[in-house]
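Shown next, in structure tokens, is the structure this report addresses.
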Amino acid sequence: MDFQPTRDQRDLRAGVRELLAGRYGREALRAAVDGGSAVDRELWRELGAAGFFALRLPEAEGGVGLGLPEAVLVFEEAGRVLLPGPLVATHLAAGAVPGAAAGTAVVTAFDLGERGGPLVSYLAEADAVLGAAGLPPGEPVRSADPLTPLHRVTGGGPADVSAYREAGALLTAALQVGGALRTLELAVRYAGEREQFGQPIGAFQAVKHLCAGMLVRAEMARTAVYAAAVTAQAADAADGQAAQAEAAEVAGEIAAAKLLADEAAVRNARDCLQVHGGMGFTWEADVHLHLKRAWVRAEQWVTAAEAEEALAAELSRTATGGEAR
């Protein structure tokens, strides 16, 4: 099995990176933070026109007709630039909620906490909640991330999003991988520019070890996410008993991918902050934004505790010849 992206996949990734660089560079990010604008509707529609949300929707239904392997590449790029908004929920809602595929509607979901708690992100900016009949009432609560506003729903219970949970977890893991790779780039660049004792701080062994550890975590997480996407795509094409066995394997691989990606995003942001020293703690630096977003994403779709349980169940099933304990 070849996990290297094809030429078409590389072109897709490059196209999305170019689009986001032109429309959501650092200046746009800082303007959004300073202005408190979590969702740019114009950019949302541009993403829809580019096929971001309809990427996995069949061509017969007006989509692009690609699969999870392509989707994780696209979401990885969104994670690199800290693109805010309920990207995953709107992507999953394509074909189910009118306007989601085209980017004319913003769709959020009950994706925070174990099995979807009462917290919902971007509720005030959303046109719909995935799986819910309408927009529920909610009270704003403080969020760690300035570009991920949170509301605590006060009326009714959370909508069931179990059918979307695995895909949502994998796409969120791809966002985390993008963030982990970006903080690695920021750390390496700063280590090459900042000088102490007449030489760049990157020449010191302690800084080298930090950056090397960041690289290992990011690449391990990226490999796990890519592998889970390929496995999930193959499982969708299977049928009968093979489909049941592959579904269990997919659950385990996605759980492992989410665990590794969450760890890579959070720890890389912390190590990037360490490399930056006192500068990393300032509001003007972007490092804290990556760390705060990583904290929030780690609680979305599948938490660490849920991922550990799913992975343990899959390992138990494999060890007992296919029967989970």
Chi angles and distances behind the salt bridge (charged side-chain N to carboxylate O under 4.0 Å, His left out) call for Arg217, Glu263: CA-CA 8 Å; Arg217 283 192 294 269; Glu263 180 187 25; 6.0 Å; no
Please determine whether salt bridge (charged side-chain N to carboxylate O under 4.0 Å, His left out) holds for the pair Glu314 and Arg317, giving the CA-CA distance in whole Å, both sets of side-chain angles, and the decisive distance to 0.1 Å. CA-CA 5 Å; Glu314 170 57 13; Arg317 185 191 69 84; 2.8 Å; yes
Please test Val64 against Phe52 for side-chain contact (heavy atoms from CB on, under 4.5 Å), starting from the C-alpha separation and ending with a verdict. CA-CA 9 Å; Val64 182; Phe52 189 98; over 6 Å; no
Working for side-chain contact (heavy atoms from CB on, under 4.5 Å), residues Phe110 and Val153: CA-CA 10 Å; Phe110 285 92; Val153 172; 3.6 Å; yes
Pair Arg297, Asp262 - check salt bridge (charged side-chain N to carboxylate O under 4.0 Å, His left out), show working. CA-CA 8 Å; Arg297 286 176 181 155; Asp262 287 343; over 6 Å; no
Check against side-chain contact (heavy atoms from CB on, under 4.5 Å), Val161 and Asp111: CA-CA 8 Å; Val161 291; Asp111 59 3; 5.7 Å; no
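Remark: Gln205 CD is loosely packed, at most 12 non-hydrogen atoms of other residues, nucleotides or ligands lying under 6.0 Å away. The local environment of CD in Glu309 is sparse, with at most 12 non-hydrogen atoms from other residues, nucleotides or ligands closer than 6.0 Å. Within a 6.0 Å sphere centred on CD of Gln199, other residues, nucleotides and ligands contribute more than 12 heavy atoms. Counted within 6.0 Å of CZ on Phe281, heavy atoms from surrounding residues, nucleotides or ligands total 12 or fewer; the atom is thus considered open. The environment of CD in Glu185 is crowded: more than 12 heavy-atom neighbours from other residues, nucleotides or ligands sit within 6.0 Å.
Expressed to the nearest 0.5 Å, how far CG of Leu73 lies from CZ of Arg17 amounts to 10.5 Å. Leu66 contributes atom CG, which lies 6.5 Å from atom CG of Leu12 (distance to the nearest 0.5 angstrom). Between the CG atom of Leu112 and the CG atom of Leu119 there is a distance of 6.0 Å, given to the nearest 0.5 Å. Separating the CG atom in Leu29 from the CG atom in Leu82 is a distance of 5.5 Å, to the nearest 0.5 Å. Considering CG of Leu175 and CZ of Arg80, their distance stands at 12.5 Å, rounded to 0.5 Å. If you take CD on Glu77 and CD on Glu18, they are separated by 11.5 Å, rounding to the nearest 0.5 Å.
By the 4.5 Å heavy-atom criterion applied to side chains, Val74 and Arg13 are not counted as neighbours. Leu150 is not listed as a side-chain neighbour of Leu123, based on a closest heavy-atom distance of 4.5 Å or more. Residues Leu19 and Leu47 form a side-chain contact, since some pair of their non-hydrogen atoms from C-beta on lies under 4.5 Å apart. Looking only at side-chain heavy atoms (C-beta outward), Glu249 and Thr231 come within less than 4.5 Å of each other. Contact check for Cys272 versus Met214: side-chain heavy atoms found under the 4.5 Å cut-off. Counting only heavy atoms from C-beta outward, the side chains of Leu181 and Asn268 never approach each other to under 4.5 Å. Between Phe204 and Gln196 the shortest side-chain heavy-atom distance falls below 4.5 Å. A 4.5 Å side-chain heavy-atom check between Tyr190 and Ile201 finds at least one atom pair inside the cut-off.
Residues Tyr226 and Glu76 have side chains that bring a donor and an acceptor to within less than 3.5 angstrom of each other.
Note: the hydrophobic cluster containing Leu259 does not contain Val225 (ILVMFWY, side chain heavy atoms under 4.5 Å, direct or indirect links). Under a hydrophobic-cluster definition in which Ile, Leu, Val, Met, Phe, Trp and Tyr are linked whenever side-chain heavy atoms come within less than 4.5 Å, directly or via other members, Val72 and Val302 are assigned to different clusters. With hydrophobic clusters built from ILVMFWY side chains whose heavy atoms lie under 4.5 angstrom apart, Leu43 shares a cluster with Val33. Hydrophobic clustering (side-chain heavy atoms under 4.5 Å, transitive across Ile, Leu, Val, Met, Phe, Trp, Tyr) keeps Leu55 apart from Leu57. Linking ILVMFWY residues whenever their side-chain heavy atoms come closer than 4.5 Å, directly or via other members, places Tyr164 and Val88 in the same cluster.
Applying the salt bridge (Lys or Arg N to Asp or Glu O under 4.0 Å) test between Asp286 and each of Arg182, Lys292, Arg189, Arg30 identifies Arg30 as the sole match.
Pro98 and Ala105 make their closest contact through O-CB, 3.5 Å (heavy atoms, listed as atom of the first residue, atom of the second, distance). Across all their heavy atoms, Gly168 and Leu92 have their closest contact at CA-CD1, 3.9 Å. Listed here is the closest heavy atom pair of Ala265 and Gln176: CB-OE1, 3.3 Å. Between Ala93 and Leu130, the shortest heavy-atom contact is CB-CD1, 3.7 Å. The heavy-atom pair separating Glu125 from Ala38 by the smallest distance is OE2-CB, 4.1 Å. Of all heavy-atom pairs spanning His290 and Gly179, the tightest one is ND1-O, 4.1 Å.
Side-chain atoms of Thr90 do not come within 3.5 Å of backbone N or O of Ala100 as any donor-acceptor pair. A donor-acceptor contact shorter than 3.5 Å links the side chain of Tyr122 to the backbone of Gly85. Checked by atom type and distance alone, the side chain of Thr6 pairs as donor or acceptor with a backbone atom of Gln9 at under 3.5 Å. In this structure a side-chain-to-backbone donor-acceptor pair under 3.5 Å is missing from Lys258 to Ala173. Under the 3.5 Å distance criterion, the side-chain polar atoms of Arg45 are left unmatched by any main-chain donor or acceptor of Gly103. Of the possible polar contacts, none joining the Glu299 side chain to the Val296 backbone as a donor-acceptor pair under 3.5 Å is found. Side chain of Gln233 to main chain of Leu68: a donor-acceptor pair is present (N/O by atom type, distance under 3.5 Å, no hydrogens or angles). Distance alone, capped at 3.5 Å, places no donor-acceptor pair between the Tyr24 side chain and the Pro84 backbone. Using modelled atom types, no side-chain atom of Gln274 and backbone atom of Asp271 make a donor-acceptor pair closer than 3.5 Å. Under a 3.5 Å cut-off, the side chain of Thr108 and the backbone N or O of Ser121 do form a donor-acceptor pair.
Two rings, from His91 and Phe75, have their centers less than 6.0 Å apart.
Ring orientation note: the planes of Phe53 and Trp44 are tilted relative to one another, at an angle of 30° to 60°.
Each salt bridge (charged side-chain N to carboxylate O under 4.0 Å, His left out) pair with one or both residues in residues 135-162, not counting sequence neighbours, appears once here: Asp145-Arg293.
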